[in-house]
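Whatever order the structure lists them in is the order used to number ligands and atoms, beginning at 1. Worth knowing before you read on, the calculation uses all heavy atoms, side chains too, and leaves out hydrogens, waters and symmetry mates.
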Amino acid sequence: MSLMRTYLITGGTDGIGKGLGLHFLARGDRLIAVGTNPAKGKALLAEAERLGASDRFHFLRADLSTLAGMRSVVAETETTAERLDGLVFATQRFRAHREETADGFEYTFALSYLSRFVIGHALAELLDRSESPVVFNLAGPGGLPGRIHWDDPHLRRGYTGKKAAMQSSRCNDLLAVDFPRRHPDTRIRYVLYNPLFVKTGMADPLPQPQRAVTKALAWLLAQRVDKAIAPMVDRIDHPPAEAVAAFRRRTPIPLTGKDFDPEAADRLHDLTRGLIAER
Ligand SMILES: NC(=O)c1ccc[n+]([C@@H]2O[C@H](COP(=O)([O-])OP(=O)(O)OC[C@H]3O[C@@H](n4cnc5c(N)ncnc54)[C@H](OP(=O)(O)O)[C@@H]3O)[C@@H](O)[C@H]2O)c1
């Protein structure tokens with residue numbers, strides 16, 4: 001493939017997203033990286049300069065826990081890029097205590113699920129201008145359990161950070177199953193990917209003592225980012241034949257069972273559209 005490709009990576013300023021972005025820049029592709037922290041954007045620009053890639057790099061500062069931030073990323077991408085070859089979702093920020101966004105959504109629901117819903121659907125047309133477009137959604141398919149709290153998606157009752165993280169993973173499972181049904185003529189391949197344990201700043205927002213324990217476990221057990229991204233790059237460069245597929249590292253996860261139930265996917269789609277319409 002000699003053509004210069006364009007990638008949008010939400011959460012592209014740190015951890016796995018940053019690792020993927022630098023890989024794409026180093027091989028000559030274009031990158032739009034989204035994050036909230038301008039210092040991280042500046043540091044990434046310095047790395048892009050070192051790679052001779054600053055003219056192919058664009059940092060978008062946006063808070064993707066808010067609808068305004070999600071919409072600004074869509075609008076700016078549409079003005080910055082003529083087409084998108086890959087859209088990587090890699091944002092996360094653990095919240096030990098329940099937090100509400102400016103739109104009245106629970107923070108993790110908004111950041112880890114809703115931003116993927118809004119941006120993915122809105123940029124489908126731009127992706128379809130590519131020969132082989134991919135949406136690569138980093139989440140937790142086939143991982144820890146957890147469920148969608150249909151009657152209380154904003155977790156007003158009995159919030160825990162883990163419950164919120166697990167709920168957003170289940171929502172992303174259904175979003176993936178649902179995506180090709182909403183874009184029946186699309187070329188886009190939708191990939192759900194669970195990287196398992198990777199050494200990133202993921203543990204930083206955890207309260208003590210979980211932070212120290214997670215960091216110690218990461219030191220012992222987690223993969224380095226440069227190693228972890230190799231199978232992701234393979235998957236992005238060689239998307240599966242199926243419209244939607246899920247993987248735990250290199251292992252395919254069958255899209256069966258309640259996590260991938262099409263009826264539940266319909267229900268979540270309607271619930272989500274309703275929540276957005278109210279704002
Ligand atoms: N690391 C693991 O072991 C692991 C395991 C399973 C799944 N995953 C998934 O893999 C993905 C990447 O994880 P990671 O560990 O690489 O994450 P990370 O190192 O913690 O980086 C998170 C990224 O999200 C961005 N971000 C956070 N809040 C944001 C907001 N409100 N608006 C916009 N951007 C925001 C951060 O940018 P700023 O700091 O600039 O805001 C940063 O670029 C996530 O989807 C995660 O769920 C990771």
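- Between D204 and K215 there is a salt bridge, since at least one side-chain N of the basic residue sits less than 4.0 Å from a carboxylate O of the acidic one.
- Taking the ring-ring contact (aromatic ring centres under 6.0 Å, His included) definition, one finds that H154 meets it with F105, F109, sequence neighbours left out.
- In summary, the side chains of Y113 and T272 do present a donor paired with an acceptor at a separation below 3.5 Å, with no hydrogens or angles considered.
- Side chain to side chain, N194 and R248 fail the donor-acceptor criterion of an N or O pair below 3.5 Å.
- Scanning for salt bridge (Lys or Arg N to Asp or Glu O under 4.0 Å) contacts around D178 gives R181, R182, with sequence neighbours left out.
- For residues 51-80, no pair satisfies salt bridge (Lys or Arg N to Asp or Glu O under 4.0 Å), with sequence neighbours left out.
- Near ligand 1, residues G11, G12, T13, D14, G15, I16, G35, T36, N37, K40, A62, D63, L64, S65, A90, T91, Q92, R93, Y107, L111, R116, L138, A139, P195, L196, F197, V198, T200, G201, M202 come within 4.0 angstrom through at least one heavy atom.
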